[in-house]
Amino acid sequence: MIDGTVQAILAPQRAPLAHWGAVRNGTVAAAALAALIVLGSRDLADFDSALVGYTFACLFMTFGVVYRYSVWLSKPPTRKFWVRGVEVLFSPRRWPRIRRPTLVVKALWSKIIAQDFILRRGLTRWIAHMLIAWGCALAAAVTFPLVFGWLHFESGAGAVYRVVLFGYPVSEIPVHGVVGWAVFHALVVSGLMVMPGVMLAMLRRMREGGALAAQRFERDLLPLLLLFAVSASGLLLWVSYEWLHGYFYGALAQLHALTVIVTLVYLPFGKLFHVFQRPASVGVTFYKEAGDRGEKAVCPVTREAFAAKLQTDDLKGVLEEVGFDYAARTGTGPAWSEISPRGRRMLIGRAHHRARGGRFS
């Protein structure tokens, strides 16, 4: 008969219906964005009511992203990495040891800008990822200020557009010329970047056995389809007003709005959420560097250094926090988490040796 302890372990654990701390954080973030929209658009004087659907989708996305990020940070391992990374980043006494300025530049370049960790997985995969990432970043940099009413353009004297930011004129752009074309076609450029990136990613997922075996539609394929739909419908708008004299422009605008809104609503719940998680990897870089340059943990079995003491101490605390007890049953001796992998293998071998009465077959 299974005892009560095992039954408690095997019994399904009910997750809370809502993480109320995360609900609070998400609500505050959405409210703050709404306030910034009102202030930045001069009490909605510069706000385009035709974009209200995008605005509400952005508010929902903000709530969802902050909610999920708060839940993610509430997990002990994640919280420990995040807190330690911030401590190292803002701890002046550690800066000389970890060469903080150099490390900041290297971490930002490797983790955020170049993302060379993907290049190590394959050149085609890296090209696809870079096209999608920077195409979306360009689109976001243009779209969000326009949707929120923070940025708009006014006709100036002659063939010139005046750039108005938060109600203040900041510059003038000639309608004709390279700069004017680049500014007014930025979303076209982003669409022309994202679409081939999505195609390369889809091609990899259709041809590589490893990707085929592990992929799921809602996690891996749906984000690519949504990005493709947004880019394709946006480029059709450009084709309509550039070469078709606005033919079907109204219907295409509604289709594009629908694809964008669905993507924004989906973003906090799917794979695209990793866009907001990725900056945290910079803090992990600081944490690992501080551990590598700090005191080492010595295995009590092999008497050899095997990891950073900062990491093993944090691991021990996290294991206790999540309810895993790896302390010695006798109450004396090191915890299992304080022993190196080689030391564990040696202890297991000795235990087998003792169980067989010191004999080998």
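Residue indices begin at 1 and follow the sequence shown.
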Do His152 and Glu154 meet the criterion of a side-chain donor-acceptor pair at a distance under 3.5 Å? yes

Could you check whether any side-chain N or O of Trp126 sits under 3.5 Å from a backbone N or O of Ala114, counting only pairs where one atom can act as donor and the other as acceptor? yes

Using a 3.5 Å distance criterion without hydrogens, assess whether the side chain of Arg68 forms a donor-acceptor pair with backbone atoms of Pro268. yes

More than 12 foreign heavy atoms under 6.0 Å from CH2 of Trp82: is that the case here? no

Minimum heavy-atom separation for Ser41 and Trp150, please, with both atom names. N-CD1, 4.1 Å

Side-chain heavy-atom pair Gln115, Ser110 within 4.5 angstrom cut-off: no

If you draw a 6.0 Å radius around NZ in Lys316, do more than 12 non-hydrogen atoms from other residues or ligands fall strictly inside? no

Hydrophobic clustering (ILVMFWY, side-chain heavy atoms < 4.5 Å, transitive) - are Leu252 and Val262 grouped together? yes

Given 3.5 Å as the limit, does a donor-acceptor pair link the side chain of Arg125 with the main chain of Ala201, or not? no

Whether Arg79 and Glu321 form a salt bridge (side-chain N of Lys/Arg under 4.0 Å from carboxylate O of Asp/Glu) is what I want to check. yes

Between CG on residue Leu258 and OG on residue Ser233, distance to nearest 0.5 Å: 9.0 Å

Please confirm whether the backbone N or O of His19 pairs with a side-chain atom of Tyr67, one donor and one acceptor, at under 3.5 Å? yes

Could you check whether atom CZ of Arg207 has more than 12 heavy atoms from other residues, nucleotides or ligands sitting under 6.0 Å from it? no

Start with the C-alpha gap between Glu320 and Phe324, add the side-chain angles, then the distance that decides, and say whether side-chain contact (heavy atoms from CB on, under 4.5 Å) holds. CA-CA 5 Å; Glu320 293 175 356; Phe324 286 94; over 6 Å; no

Do Leu36 and Phe148 make a side-chain contact, defined as non-hydrogen atoms from C-beta onward lying under 4.5 Å apart? no

Over 60° means perpendicular and under 30° means parallel, so classify the ring planes of Phe63 and Phe60, tilted if in between. tilted

For the pair His185 and Trp238, name the ring-plane relationship: parallel under 30°, tilted 30 to 60°, perpendicular over 60°. perpendicular

Is it the case that the side chains of Asp314 and Tyr287 hold a donor-acceptor pair, with the cut-off being a distance below 3.5 Å and no angle test? yes

Got a donor-acceptor contact below 3.5 angstrom from the Asp48 side chain to the Ala50 backbone? yes

Under 3.5 Å: donor-acceptor pair, side chain of Thr285, backbone of Ser281: yes

Do any N or O atoms from the side chain of Arg344 and from the backbone of Trp336 form a donor-acceptor pair under 3.5 angstrom? yes

Taking the basic N atoms (NZ, or NE/NH1/NH2) and the acidic carboxylate oxygens, is any pair closer than 4.0 Å for Asp220 and Arg216? no

In this structure, CZ of Phe144 is separated from CG of Leu151 (nearest 0.5 Å) by 14.0 Å

For a quick test of reading the model, state the closest non-hydrogen atom pair linking Cys299 to Gly343 and the distance between them. SG-CA, 4.2 Å

Evaluate the side-chain proximity of Gln215 to Arg219: yes if any heavy-atom separation is below 4.5 Å, no if none is. no

Counting neighbours of CZ on Phe56 that are heavy atoms of other residues, nucleotides or ligands and sit closer than 6.0 Å, is the number greater than 12? no

Quick check on the hydrophobic clustering: are Val23 and Val28 connected, directly or via other members, by side-chain heavy-atom contacts under 4.5 Å? no

Any donor-acceptor pair under 3.5 Å from Ser240 side chain to Leu236 backbone: no

For the rings on Phe153 and Phe184, is their centre-to-centre separation under 6.0 Å? yes

Salt bridge flag under 4.0 Å for residues Glu304 and Arg342: yes

Phe248, CZ atom: more than 12 neighbouring heavy atoms under 6.0 Å: no

Looking at side-chain heavy atoms only, is the closest gap between Val282 and Leu108 below 4.5 Å? yes

A side-chain contact here means heavy atoms from C-beta on lying under 4.5 Å apart; do Val194 and Val198 qualify? yes

Around atom CZ of Phe166, are there more than 12 heavy atoms of other residues, nucleotides or ligands at under 6.0 Å? yes

Do the non-hydrogen side-chain atoms of Thr259 and His256 ever get within less than 4.5 Å of each other? yes

Okay, side chain of Glu338, backbone of Ala335: is any donor-acceptor separation there less than 3.5 Å? yes

Within-4.5 Å side-chain heavy-atom neighbours: Leu221 and Arg205: yes

Any donor-acceptor pair under 3.5 Å from Ser231 side chain to Phe228 backbone: no

Val142 to Ala186 - nearest heavy-atom pair and separation: CG2-CB, 3.8 Å

Once you measure the plane-to-plane angle for His129 and His274, does it fall in the parallel (<30°), tilted (30-60°) or perpendicular (>60°) bin? tilted

Where Ala253 and Leu237 come nearest, the two heavy atoms and their spacing: N-CD2, 3.4 Å

Student check: side-chain heavy atoms of Val163 and Pro169 closer than 4.5 Å: no

Within a radius of less than 6.0 Å around OH of Tyr161, do more than 12 heavy atoms belonging to other residues, nucleotides or ligands occur? no

According to a hydrophobic-cluster definition based on side-chain heavy atoms being under 4.5 Å apart (Ile, Leu, Val, Met, Phe, Trp, Tyr only), do Ile127 and Phe117 belong together? yes

If you count heavy atoms of other groups shown closer than 6.0 angstrom to NZ of Lys288, is the number above 12? no

